[in-house]
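Each remark here refers to the structure printed beneath this line.
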Amino acid sequence: MEKNSLYEALEKVRKVNPLVHNITNVVVTNFTANGLLALGASPVMAYAAEEVADMAKIASSLVLNIGTLNPQTVESMIIAGKAANETTVPVIFDPVGAGATSYRTETAQRIMSEVKVSVIRGNAAEIANVIGEKWEIKGVDAGTTANGDTVTLAIKAAQTWNCVVVITGKEDVVSDGETTYLVCNGHPIMTKVTGMGCLLTSVIGAFAGVEKDLIQATLSALTFYEIAAENAAAQTAEMGPGSFQIEFLNQLALVSSDDITSHASFTKVNR
Amino acid sequence: MEKNSLYEALEKVRKVNPLVHNITNVVVTNFTANGLLALGASPVMAYAAEEVADMAKIASSLVLNIGTLNPQTVESMIIAGKAANETTVPVIFDPVGAGATSYRTETAQRIMSEVKVSVIRGNAAEIANVIGEKWEIKGVDAGTTANGDTVTLAIKAAQTWNCVVVITGKEDVVSDGETTYLVCNGHPIMTKVTGMGCLLTSVIGAFAGVEKDLIQATLSALTFYEIAAENAAAQTAEMGPGSFQIEFLNQLALVSSDDITSHASFTKVNR
Amino acid sequence: MEKNSLYEALEKVRKVNPLVHNITNVVVTNFTANGLLALGASPVMAYAAEEVADMAKIASSLVLNIGTLNPQTVESMIIAGKAANETTVPVIFDPVGAGATSYRTETAQRIMSEVKVSVIRGNAAEIANVIGEKWEIKGVDAGTTANGDTVTLAIKAAQTWNCVVVITGKEDVVSDGETTYLVCNGHPIMTKVTGMGCLLTSVIGAFAGVEKDLIQATLSALTFYEIAAENAAAQTAEMGPGSFQIEFLNQLALVSSDDITSHASFTKVNR
């Protein structure tokens with residue numbers, strides 16, 4: 001993939017303002033909505049079984065996130081996911097905390113089996129647990145020690161589910177099972193702000209809402225997002241995570257095509 | 001209305017610290033509470049059917065917001081609204097996303113028919129859909145092209161419901177069906193922060209909790225709020241929406257009577 | 001207690017990154033998670049009856065907060081609390097708004113009777129109402145006039161419940177019924193940011209997750225937290241509550257052992 005094509009999806013998002021329907025957790029709703037607005041997307045949160053199918057059908061993409069799941073919201077996710085599938089609205093899924101409790105693991109697996117997901121994003125432990133491998137997880141954070149090879153995991157998961165898999169961590173892996181990329185952008189302070197992963201998943205939703213090539217949409221979203229974090233960290237990392245969080249929202253609005261062309265750091269994996 | 005009378009309500013809010021009971025959406029709860037605290041009001045969020053009547057009765061005003069509605073919360077809104085009506089606590093209603101799904105439209109209409117609402121605030125599409133006209137809406141954001149005359153819409157809605165109607169947009173309209181004002185304060189970056197409309201509705205609640213003249217309370221709240229946004233934008237708009245959001249909270253605490261007298265921009269509409 | 005021992009618990013938190021399971025209200029979830037991350041703890045929010053026992057058992061501490069309680073969440077709190085009790089995970093309880101409605105008062109009393117709570121933190125009105133005294137409360141904020149002697153109240157409550165009681169206000173009281181401390185750190189602007197009390201309760205949870213001496217854990221958490229607020233206020237109080245909130249998150253990451261040794265202000269009460 002050429003670096004120039006990375007920012008085309010960003011420009012489309014800023015021009016089209018895609019409507020991103022989020023069924024997400026109560027910790028990150030505000031941050032997610034503000035991040036999507038800053039980027040140029042149009043967020044909507046709707047959770048009730050009475051309306052999620054209607055909302056998903058008019059959206060550019062649907063984002064499902066089980067960070068604070070409960071039986072009612074899970075039913076709404078299934079209903080919305082099926083409605084999105086009927087109208088070819090891409091579904092992006094964030095299996096927050098899969099592996100931490102059996103309820104999360106089983107719910108994530110149920111969503112993957114009942115809904116056709118276009119992109120799934122998680123840390124290594126979450127992705128591993130959803131495909132049935134037991135990797136260490138601490139609450140909703142990945143274990144600090146790698147339990148295995150994340151590239152192999154991403155390829156296996158992508159082939160199993162026939163979708164794009166994004167595993168984020170110190171390095172990030174994007175794979176559709178055939179083509180695989182490693183992304184090396186980002187900054188360690190991202191782990192000190194809640195919802196940085198959840199918002200990334202919604203940002204992938206925004207990009208997938210305007211760009212049909214899902215590998216390109218995902219890689220564009222990921223490099224854009226992590227370059228915004230790098231810019232924000234350059235200005236604020238020493239001030240602390242509060243200042244970083246606010247500057248990161250600023251940077252989602254400010255990151256330019258030039259920033260992406262000059263700072264995007266990714267390589268194609270040969271396997 | 002004289003400009004001098006605009007800040008009297010603000011001074012009352014800061015002196016009395018009215019208790020504002022919010023039944024609002026999960027996206028904006030934190031921002032709403034912080035905005036009300038910054039202004040000098042005392043926010044409380046209470047949602048359970050088991051307690052909303054008790055809380056509404058001891059509040060200075062009740063704010064209902066259907067941004068992430070579900071059947072349980074809607075029942076609580078009806079219960080709280082009726083309790084507020086019994087004790088003449090003013091009810092302020094924000095029909096977020098009415099028109100986007102039939103569930104939202106029907107719920108908004110149900111609340112307007114079962115609860116005596118003092119002030120309703122929405123964008124043009126939301127207000128139009130609640131009175132049964134079909135205006136374009138995109139998720140929870142108003143369509144970018146005006147579908148009609150918002151002054152006529154506000155007057156018609158106010159006469160239909162016998163309440164104060166506030167339609168916010170590039171210009172804002174405030175009408176009780178007889179007297180109508182246009183307000184020209186505010187700043188475009190307000191659309192880049194989630195919950196700016198929702199918090200405005202709660203701020204109207206704070207003002208209506210201390211000022212019985214609802215046109216004066218609403219016009220005071222609106223000019224105060226948008227001047228705070230202008231002040232914040234003057235300092236931060238080029239930095240981005242993250243910095244604006246924080247400075248806006250600061251300005252809710254800092255806007256003075258002088259700011260209001262010198263910057264309030266409104267005209268009475270002759271019809 | 002020696003000042004030197006105060007920061008030992010802080011250093012343990014930053015080294016161990018305890019997993020703090022929060023069942024808290026929808027207003028403060030984001031702020032709580034960000035505050036715990038800034039401090040060095042690892043927050044997780046999980047609410048569903050289907051998973052709270054599993055999550056509580058793997059956590060270092062469990063924090064229960066009834067700020068926006070409903071029957072489902074209360075059941076989850078009881079289930080999680082009993083699971084924590086079985087595995088000797090300390091339970092920290094914040095009876096937000098007890099006294100404002102009978103539902104809140106009764107629920108707080110039910111939790112105190114069905115779960116073995118290690119530390120309870122509230123304002124004077126909340127603690128008084130949970131033990132059955134009627135103190136004035138305004139929504140979720142303590143009345144501005146003291147209704148009685150908070151030291152006597154804290155000692156009585158600690159003896160009644162056989163746990164550590166923390167009453168926060170202009171001065172703070174920490175008591176286990178035998179040993180009692182007064183803490184004089186903090187800053188008035190703390191009352192202008194929502195969730196400052198709720199986050200403190202969760203921070204006590206983080207400290208109690210690494211330090212078994214609950215008086216030391218609580219006193220360490222309280223002085224650390226309020227010194228962070230003092231530092232933030234010194235830089236931002238004149239700018240407004242928005243800037244304070246962000247700088248406070250920064251300070252949770254930045255406060256040093258030296259800050260604590262030089263600024264901690266507490267006295268043992270002789271009774």
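Please read all numbers here as calculations on a predicted model, not as lab measurements. Residue numbers begin at 1 in each chain, while the letters A, B, ... track the order of the sequences.
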Task: CA sep, side-chain torsions, deciding dist, call: N129(A), T105(A), side-chain hydrogen bond (donor to acceptor under 3.5 Å, both in side chains) - done: CA-CA 7 Å; N129(A) 277 284; T105(A) 311; 5.1 Å; no

- [ ] Tell me, out of N70(A), V28(A), L69(A), T29(A), who's got the most heavy-atom pairs with chain C below 4.5 Å.
- [x] L69(A)

Task: Top contributor to chain C contacts, counting heavy-atom pairs under 4.5 Å, from G195(A), S102(A), P71(A) - done: P71(A)

Open item on the list: Whether R14(C) and E8(C) form a salt bridge (side-chain N of Lys/Arg under 4.0 Å from carboxylate O of Asp/Glu) is what I want to check.
Closed with: no

Open item on the list: If the threshold is 4.0 Å, N to carboxylate O, is there a salt bridge linking E226(A) and K170(A)?
Closed with: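 No, no charged N to carboxylate O under 4.0 Å.
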
Task: Step-by-step side chain to side chain contact (heavy atoms under 4.5 Å, CB included) determination, Q245(A) to N30(C) - done: CA-CA 12 Å; Q245(A) 176 189 350; N30(C) 184 268; 4.2 Å; yes

- [ ] Using a 4.5 Å cut-off on heavy atoms from C-beta on, say whether the side chain of I167(A) contacts that of D172(A).
- [x]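 Result no, sub-4.5 Å side-chain heavy-atom pair not found.
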
Task: Beyond-backbone contact of N185(C) with F224(C), side-chain heavy atoms, under 4.5 angstrom - done: no

Open item on the list: If we check side-chain hydrogen bond (donor to acceptor under 3.5 Å, both in side chains) with N25(C), which of these qualifies: T32(C), T68(C), N65(C)?
Closed with: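 With N25(C) as partner, side-chain hydrogen bond (donor to acceptor under 3.5 Å, both in side chains) holds for just one option, N65(C).
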
Open item on the list: Suppose a student defines contact as a heavy atom less than 4.5 Å from any heavy atom of chain A. Which residues in residues 249-261 of chain C would they list?
Closed with: L249(C), N250(C), A253(C), L254(C)

TODO: Heavy atoms only, distances under 4.5 angstrom: which of I246(C), V26(C), T24(C) has the most pairs with chain A? Name it, please.
DONE: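 Most heavy-atom pairs within the cutoff with chain A belong to I246(C).
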
